Amino acid sequence: MEKWSAATIREFRRTLLAWYDQEGRNLPWRRDHEPYHVWVSEIMLQQTQVNTVIPYYENFMATFPTVTALANAEQADLLKAWQGLGYYSRARNLQRAAQQLVTDYHGEWPRTAAGLADLVGIGPYTAGAIASIAFGEAVPAVDGNAFRVFSRLLLIDDDIAKPQTRKIFEQVIQPIVDPERPGAFNQAIMDLGSSYMTAKNSDPAHSPVREFDASYREDRVDEFPVKTKAPRPKLMPYYGLIVHSPAGYLMVQRDANQMLTGYWTFPLVIQAGLREAVPVDTPTLETDIAALEQQFSTDYQLPISLTTVSGQPVSHTYTHQRWQVKLLVAELATTPALTFYPGKWVPAAEIRALPLPKVQEKIMTRYQNQGHPQAFPKN
DNA sequence: AATGCGTGGTC
DNA sequence: TGACCAAGCAT
């Protein structure tokens, strides 16, 4: 691992910030240093690229312009504003933290990273980012960019997938952060990490800090950062039930024990769970359909007759799961009461007003493309 | 410490 | 198409 002298650190800061002042990106959340603006942008940017975030950020600020507005927002409006951005607990935690700020903090922001980290959804990285950018505290903001940039500059070969590695980087970066301009310093590292020092197709030869880049000097850029790879997503076969009556489509809101909490989908049944509830010797599509029909009839007092939708299952891959959703349809002549079923009938024209996850949109698109082109009008 | 949690872009 | 990556956090 490289070790920089005090003089090298001073020269690195000067070089980095001169480049940032000239070439730093003009981003919507950089128009001022309002803590609310910095906070919302940093939460949206977690594991999400800048170009994806920009339109969401603009819409979010127009819809929820202040901490108070966010604290008082309807959750459905919040989830709709976050729809498509992913990692939806971020949105729910954002509102919880806004409510914390209003009620427990009387609207006064903690002005240090340590204090900010007490708010739900704000971890070590985001605390450092807000503290440095909004309040000028000289602390590092160690995200994926910082891992990548400093592992290359200093030949740090610790595995960044391991939690304990964060501490090493924080200790290494802390003395390098410019105490005069910590926010600009941290943002400059991020801009560097998304331009000359990217994960793939990096261009270290033209980097403004190439003279400080030990990995470039040794032609070992591709060796850094060291990161063990994640396991494969687990295959999860589902049935997706498109149940239609004169009142509309049967929809369910996902509860707090499931992923996609608060978002709406058609009923989704895990195939393995279905066979657990109604065991048969050799499960087939036919036995599964019979089991589903029986379950709806007896458990929910919802008699349905299911038929298959032609085509391959709808496939949707998450970080840790790969869903394959086989679509089944039931057309009802009358509308049964949903006394024992935790869902609701939603008129076709109102479905798109609900917060929907991507997999639900894929299912709707598939169904429309299989002979029901006007099933879900966009208004 | 290890795992769960979304989506879109890129090669 | 699959694999990998992108401004992480909670539990």
Side-chain angles (χ1 to χ4, degrees), chain A residues 24-25 27-30 37-57 79 82-94 96-97 116-130 132-133 140-150 159-167 169-170 183 185-195 197-202 222 225 227-236 254 256-263 265 312 315-323 355-362:
Chain A
R25 289 172 293 182
L27 298 168
W29 46 88
R30 289 182 176 175
H37 297 164
V38 177
W39 175 45
V40 170
S41 68
E42 290 298 340
I43 299 296
M44 287 186 168
L45 286 161
Q46 291 170 4
Q47 301 288 282
T48 310
Q49 299 195 0
V50 164
N51 286 341
T52 301
V53 165
I54 290 173
Y56 281 91
Y57 176 83
L79 296 183
W82 208 271
Q83 176 177 324
L85 207 46
Y87 284 145
Y88 298 110
S89 66
R90 291 184 293 175
R92 292 180 283 109
N93 288 340
L94 200 61
R96 283 175 55 200
L116 288 160
D118 288 336
L119 292 164
V120 62
I122 298 184
Y125 160 71
T126 307
I130 300 173
S132 62
I133 298 169
V142 184
D143 67 339
N145 288 305
F147 277 133
R148 189 167 56 254
V149 168
F150 284 102
D159 183 355
I160 66 169
K162 296 196 178 304
Q164 59 198 28
T165 300
R166 161 179 298 283
K167 299 188 194 73
F169 275 79
E170 284 172 347
F185 179 94
N186 285 330
Q187 292 181 93
I189 295 299
M190 297 180 210
D191 281 15
L192 201 54
S194 57
S195 56
M197 299 184 73
T198 49
K200 285 186 269 189
N201 298 325
S202 64
D222 292 339
K227 184 183 184 182
T228 57
K229 56 185 175 189
R232 282 283 179 65
K234 181 187 175 190
L235 183 63
M236 303 270 288
R254 297 181 63 85
N257 298 319
Q258 301 171 301
M259 57 188 288
L260 311 173
T261 302
Y263 284 79
T265 67
Q312 290 298 110
S315 179
H316 188 72
T317 304
Y318 298 98
T319 307
H320 59 303
Q321 295 177 11
R322 180 190 177 89
W323 288 14
L356 307 175
K358 177 57 64 177
V359 66
Q360 172 65 17
E361 295 190 328
K362 282 189 183 177

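Just so it is clear, the model here is predicted, and its values are computed rather than measured. Quick note on labels: first sequence line is chain A, next is B, and so on, each numbered from 1.
- Taking atom C1' on both nucleotides, dA6(C) is separated from dC5(B) by 15 Å, rounded to a whole Å.
- Residues Leu45(A) and Trp29(A) have side chains in contact (heavy-atom distance under 4.5 Å, counting atoms from C-beta outward).
- Annotation: Phe169(A) is not in aromatic contact with Phe150(A) [ring centroid separation under 6.0 Å not met].
- Counting heavy atoms from C-beta outward, Arg254(A) and Gln360(A) have side chains that stay 4.5 Å or more apart.
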Q) Along nucleotides 4-11 of chain C, 5' to 3', which nucleotides get a B, which get an S, and which get a -, given that the test is a protein heavy-atom distance under 4.0 Å? A) BSBBBSS-
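- By the 4.0 Å N-to-carboxylate-O rule, Lys167(A) lies too far from Glu170(A) to be salt-bridged with it.
- Only the P atoms considered, dA7(C) is 23 Å distant from dA2(B), to the nearest whole Å.
- If Gln164(A) and Glu361(A) are placed on DNA chain B by their nearest nucleotide, the residue sitting closer to the 5' end is Gln164(A).
- Considering only heavy atoms from C-beta on, Val142(A) stays 4.5 Å or farther from Pro124(A) through its side chain.
- Relative orientation of the His320(A) and Tyr318(A) rings is tilted, given thresholds of 30° and 60° on the angle between their planes.
- Both Arg90(A) and Asn201(A) sit near DNA chain B, but only Arg90(A) has its closest nucleotide nearer the 5' end.
- Applying the side chain to side chain donor-acceptor pair (under 3.5 Å) criterion to Asn145(A), with sequence neighbours excluded, gives Asp143(A), Arg148(A).
- Between Thr48(A) and Arg90(A), the closest side-chain pair of non-hydrogen atoms falls below 4.5 Å.
- Residue Pro231(A) is classed as having no contact, given no heavy-atom separation below 4.0 Å to the nucleic acid.
- Contact footprint of chain A on DNA chain B: nucleotides with an atom under 4.0 Å from a non-hydrogen protein atom, first to last in 5' to 3' order, dA1(B) to dC11(B).
- Residue contacts for Asn51(A): at a heavy-atom cut-off of 4.0 Å it reaches no nucleic acid atom on any strand shown.
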